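Below is one structure, written out as structure tokens, with a few remarks after it.
Here is the naming used below: chain letters follow the sequence lines, and residue numbers restart at 1 for every chain. What you see is a predicted model, and the numbers here were worked out from it, not measured in a lab.
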2 protein chains.
Amino acid sequence: MTSAASRDTAADPIDELIIDVFNRACPSRQAMETVADKWGTLALVALTEGAYRFNALRRRVDGVSEKMLARTLQALERDGLVTRDVQATIPPRVEYTLTAPGTRIAAALRALLDALEAEIPAIMTAREDYDQRH
Amino acid sequence: MTSAASRDTAADPIDELIIDVFNRACPSRQAMETVADKWGTLALVALTEGAYRFNALRRRVDGVSEKMLARTLQALERDGLVTRDVQATIPPRVEYTLTAPGTRIAAALRALLDALEAEIPAIMTAREDYDQRH
DNA sequence: CCGTATCCTTAACGATACTG
DNA sequence: CAGTATCGTTAAGGATACGG
């Protein structure tokens, strides 16, 4: 956005205010809040593979508790990223599916994950190096 | 990976075990742990704009406390995503820069953020709709 | 200026039990 | 099957003060 290298002595209160307002209003920031969530991202990525029912998804996203999965899916449904289809059978079936926006976001997420996976070997050795020096 | 639609009655203990092992070993999962972090992602994205010194970055990533920024930068340095350049001047200067892996990951992150920002209007209206029905 | 150390408060989370 | 409700624990995170 603006050059960072020049920011040096500063601490000008007006600068502070501008940066403050900018950050809070910044869409990146709001976007981050939505995506910086472990279970939410894992659920979105899992749903890339197709529709899932609650307990199937729970098994697929290993380690998630009933409570957290329910809460996560509600949040995703609220944001219009997944749809919740209830079939009034006995026992009840509830299927979760990605919406169009959800699909687009999940695709970007998967791209990020691919990028991350590509760096995992490098990250691992970096960690070992770092840990040995400390 | 495998078809999800067929997963239905299940709860087969062997299935469970396979899924369990798969999930824990899955690189996506490890990758997620690294990226599902609010401050880490914000710092990476900020460093896309160029090198930052500690307090400049602290102002740029609004709302982060000294403690969290320090902890975050240490984690990123440990993973080899940022480098920490200390200049032994008075007062000391410490500059943080993205490494090559860090740059690649930050790029993917930014792509995700762009995708998310594109959906923000849709998400907002979806939320209003949802909130009105509840 | 660049952090570390400490205390403290909140809420995230898991485990368990229960309902339609 | 698909959740909700409650409780207890733990860890994340902010505020503050101090050190190199």
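For Glu66(B) and dG14(D), the CD to P distance is 12 Å, given to the nearest whole Å. Between the C1' atom of dT4(D) and the CG atom of Leu69(A) lies a distance of 14 Å, rounded to the nearest Å. Rounded to whole angstrom, the span from the CG atom of Asp37(A) across to the P atom of dA12(C) amounts to 10 Å. Atom-to-atom, CE of Met68(B) to C1' of dA11(D) comes out at 11 Å; the value is rounded to the nearest Å. For Phe54(A) and dT19(C), the CZ to P distance is 18 Å, given to the nearest whole Å. Taking atom CG on Leu57(B) and atom C1' on dG3(C), their separation rounds to 14 Å, with Å as the unit. In this structure, the CZ atom of Arg93(B) is 16 Å from the C1' atom of dG3(C), given to the nearest Å. For the pair Ile90(A) CD1 and dT19(C) P, the interatomic distance rounds to 18 Å; values are reported in whole Å.
Atom CZ of Arg53(B) sits about 8.5 Å away from atom CZ of Arg59(B), to the nearest 0.5 Å. Between the CG atom of Leu69(B) and the CG atom of Leu57(B) there is a distance of 5.0 Å, given to the nearest 0.5 Å. Here the CD1-CG distance, from Ile105(A) to Leu44(A), works out to 7.0 Å after rounding to the nearest 0.5 Å. Here the CG atom belonging to Leu98(B) is positioned 8.0 Å from the OG1 atom belonging to Thr83(B), to the nearest 0.5 angstrom.
Across all strands, Arg58(A) comes closer than 4.0 Å to no nucleic acid atom at all (heavy-atom distances). Counting non-hydrogen atoms under 4.0 angstrom, Gln87(A) reaches nothing in the nucleic acid.
Nearest to the side-chain atoms of Ser65(A) among the listed nucleotides dG14(C), dA17(D), dG3(D) stands dG14(C). Picking from dC2(C), dC1(D), dT4(C) the nucleotide with the shortest atom distance to the side chain of Asn55(A) gives dC1(D). Picking from dC1(C), dG14(C), dA17(C) the nucleotide with the shortest atom distance to the side chain of Trp39(A) gives dG14(C). Nearest nucleotide to the side chain of Val94(A), out of dA2(D), dC2(C), dT4(C): dA2(D). In this structure, of dA2(D), dT6(C), dG20(D), it is dG20(D) that holds the atom nearest to the side chain of Pro92(B).
Side-chain nitrogen and oxygen atoms of Arg53(B) include none within less than 4.0 Å of the OP1 or OP2 phosphate oxygen of dC1(C). Look at Gln74(A) and you won't find any side-chain N or O under 4.0 angstrom from OP1 or OP2 of dG3(D). For the pair Arg71(B) and dG3(C), the criterion of a side-chain N or O lying under 4.0 Å from OP1 or OP2 is not met.
A salt bridge links Asp131(A) with Arg78(B); the closest basic N to acidic carboxylate O contact falls under 4.0 Å.
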> Could you walk me through whether Arg60(B) and Glu49(B) pass the side chain to side chain contact (heavy atoms under 4.5 Å, CB included) check?
Replying inline: CA-CA 11 Å; Arg60(B) 175 65 184 76; Glu49(B) 301 164 5; 2.9 Å; yes
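Using a distance-only test at 3.5 Å, with no hydrogens or angles considered, no donor-acceptor pair links the side chain of Thr72(A) to the main chain of Trp39(A). A donor-acceptor pair under 3.5 Å links the side-chain atoms of Arg58(B) to the main chain of Val64(B), judged by distance alone.
Heavy-atom distances to DNA chain D give each of Lys67(A) and Pro91(A) a nearest nucleotide, and the one nearer the 5′ end belongs to Pro91(A). Judged by closest nucleotide on DNA chain C, Tyr96(B) is the one of Tyr96(B) and Val64(A) placed further toward the 5' end.
Stem regions for DNA chain C, each three or more consecutive Watson-Crick or G-U pairs with both distances under 3.5 Å and listed by first number, read C:3-20 with D:1-18.
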